[in-house]
Amino acid sequence: MSELTQRTYERRWWTLAVLSLALAVISLDNMILNVALPTLVRDLNATSSQLQWIVDSYVLVFAGLLLTAGALGDRFGRKLALMAGLGVFGVFSALAAMSDTANQLIATRALMGIGGALIMPSTLSILTNVFPPAERAKAIGIWAAVNGLSIPLGPVLGGWLLEHYSWGSIFLINIPVVVVSLIAAAILVPESRDAKALPLDPVGAVLSIAGLAALLYAIIEAPAAGWTSGTTIAWFAVAAVTLGAFVLWERRVPYPMFDTRLFKNPRFSAASLSVTMVFFGLFGATFFLTQHMQFVLGFDTLQTGVRMIPVAVGVGIAAPLSARLTARFGSKVMVAAGLTVVALGLGLMSTATVESGYGLVATCMIVAGAGMGLAMTPATDAVMGAVPKDNAGVGSAVNDTTRQVGGALGGAVLGSLLATNYSDAMRGPASTLPPEVTAVTRDSVGAALEVAAQLPDPAAALALVNAARIAFIDAMGTTLVIGAGVTLVGAAIALLFLPARAENEEASPEPVQAADEVEAPEEEPVLTL
């Protein structure tokens with residue numbers, strides 16, 4: 001046994017700590033930014049369109065580069081990709097904090113996406129290579145829990161920073177975390193790469209970047225432009241053609257960046273689809289819950305962030321526990337059960353009324369978070385277990401891409417349904433208002449409350465507030481039922497197509513047992529990198 005292999009095995013939990021810290025910095029950053037958007041309107045005079053692109057420029061670059069970044073990590077070294085990503089993320093976080101205009105911030109956020117795309121797949125691919133199969137699910141459970149914690153902790157940290165410092169602090173907070181992560185990674189994280197060192201696939205990289213970016217752009221713009229508008233259909237067509245060309249190219253090129261035959265493996269494809277469904281339902285619901293707590297329950301931004309913590313409680317408890325349960329019941333049962341629990345949480349939330357207090361919200365968040373924790377660990381483990389270790393970076397990138405697409409679809413589709421139902425319900429109440437505010441009142445519950453605050457008649461203002469809140473709650477309930485239904489479809493897919501267990505393959509498209517999968521004797525653990 002080589003000294004490096006023995007040392008790698010002994011330090012695996014320290015390595016996981018470093019990977020979790022690197023993951024946390026990019027996960028928290030995205031959630032922190034959301035609470036700063038009103039401040040950016042005031043300090044940078046950002047328009048609504050600019051606010052959207054401050055958020056979405058990062059998402060487009062991040063999601064578009066994931067597959068390419070994962071492949072580069074496999075080829076040149078996953079530790080190298082991780083450290084390069086941390087460096088890029090840190091530098092452009094500092095530049096983002098110094099932005100003088102909204103357009104500068106949009107540009108620096110896009111460049112931060114390059115760093116995020118290098119970091120995210122590296123963390124999971126390094127984890128897969130450091131931990132032997134018997135411990136991998138447990139490690140992924142911890143990895144998933146850290147990722148889930150960003151949902152509530154980001155708004156809490158962002159709210160606290162904005163109460164005490166300028167908006168630039170939400171980016172400057174990344175710098176010390178990046179520095180610590182870089183130092184720790186240099187010491188504790190082992191290097192690993194594809195031993196075959198195959199040639200690069202630049203055509204595949206360009207096609208994947210263009211296709212994924214077009215798909216995300218279409219999803220992001222669809223709620224504003226209209227799902228059936230010519231622009232939206234055109235972008236979806238560009239995405240379909242480009243991604244189709246990517247698949248055809250990858251099937252013909254001698255050294256593909258991504259082996260598309262993996263989708264024939266139900267362990268890979270069903271688990272990937274399950275991940276998409278989890279993020280579709282939960283991220284769509286998160287969008288509703290923050291509005292519900294602010295505009296119906298009356299909490300401010302920081303109070304809302306604090307009250308999102310039950311999601312983290314559910315995820316934090318269930319994600320590590322799911323590894324043990326999966327060992328007993330199998331991936332099929334646990335992924336389906338987790339998705340069903342997420343659907344239960346969404347369904348419970350759909351019963352909320354204007355009189356419902358925070359207790360119902362907290363209960364639903366714990367349930368949905370627990371479902372996410374139960375499903376994500378076995379689903380992610382199934383995806384990574386279905387990919388050869390030499391291609392772990394690309395496998396991790398596929399897993400991360402499904403998260404991005406699922407979350408973006410959840411926010412866009414469910415958000416569009418909510419907006420449509422709310423607008424229809426407010427048609428009557430808004431018709432009694434002056435014509436210049438009618439459209440604004442039907443746009444969102446937040447806008448309706450602002451209009452109500454400016455009405456001279458207290459009785460009319462109260463009537464508008466009540467009507468807007470009722471319309472929002474009713475629209476949210478209908479939309480959450482749809483979200484729960486989609487999540488249940490994911491549970492059915494897992495039951496029908498996801499194998500119960502890995503069948504002793506580390507997976508390649510052909511079911512053969514990889515040498516890495518053979519567990520070493522307990523007294524002499526061996527890990528092949």
(message) Measuring from atom OG1 of Thr15 to atom CG of Asn129, what distance do you get when rounded to the nearest 0.5 angstrom?
(response) 11.5 Å
(message) To the closest 0.5 Å, what do you measure between OH (Tyr358) and CD (Gln303)?
(response) 11.0 Å
(request) Look only at the side chain of Thr420 and the backbone of Leu417, and say whether a donor-acceptor pair between them is shorter than 3.5 Å. (result) no
(request) Give the minimum heavy-atom separation between Tyr58 and Gly116, together with the two atoms involved. (result) OH-CA, 3.8 Å
(message) Against Met476, only a single residue in Thr478, Leu480, Thr479 fulfils side chain to side chain contact (heavy atoms under 4.5 Å, CB included); can you say which?
(response) Leu480
(message) Tell me which one of Arg469, Arg307, His292 satisfies side chain to side chain contact (heavy atoms under 4.5 Å, CB included) with Leu297.
(response) His292
Does [X] reach the side chain of [Y], with side-chain heavy atoms less than 4.5 Å apart?
X: Val177; Y: Leu21; answer: yes
X: Val180; Y: Pro176; answer: no
X: Thr441; Y: Pro429; answer: no

(message) We want to know whether Ser125 and Thr128 form a side-chain donor-acceptor pair, criterion being a heavy-atom distance below 3.5 angstrom.
(response) no
(request) Using a cut-off of 6.0 Å, state whether more than 12 heavy atoms not belonging to Lys138 lie near its atom NZ. (result) no
(request) State whether the number of non-hydrogen atoms from other residues, nucleotides or ligands found under 6.0 Å of Trp14 atom CH2 is greater than 12. (result) no
(message) Holding to side-chain contact (heavy atoms from CB on, under 4.5 Å), I want the full list of residues that pass it with Val88, two or more places apart in sequence or in another chain.
(response) Phe92, Ile114
(request) Assign the ring pair Phe171 / Trp167 to parallel, tilted or perpendicular, where the plane angle (0 to 90°) is split at 30° and 60°. (result) perpendicular
(request) Measure the acute angle between the ring planes of Tyr217 and Trp53, then classify it against the limits of 30° and 60° as parallel, tilted or perpendicular. (result) parallel
(message) Could you check whether Arg136 makes a cation-pi contact with Phe131, meaning its NZ or CZ is under 6.0 Å from the centre of the six-membered ring and within 45° of the ring axis?
(response) no
(request) List for me each residue that meets ring-ring contact (aromatic ring centres under 6.0 Å, His included) alongside Phe280, sequence neighbours excluded, and say none if there are none. (result) none
(request) Test side chain to side chain contact (heavy atoms under 4.5 Å, CB included) on Ser269 and Leu273 and set out the steps. (result) CA-CA 6 Å; Ser269 54; Leu273 192 55; over 6 Å; no
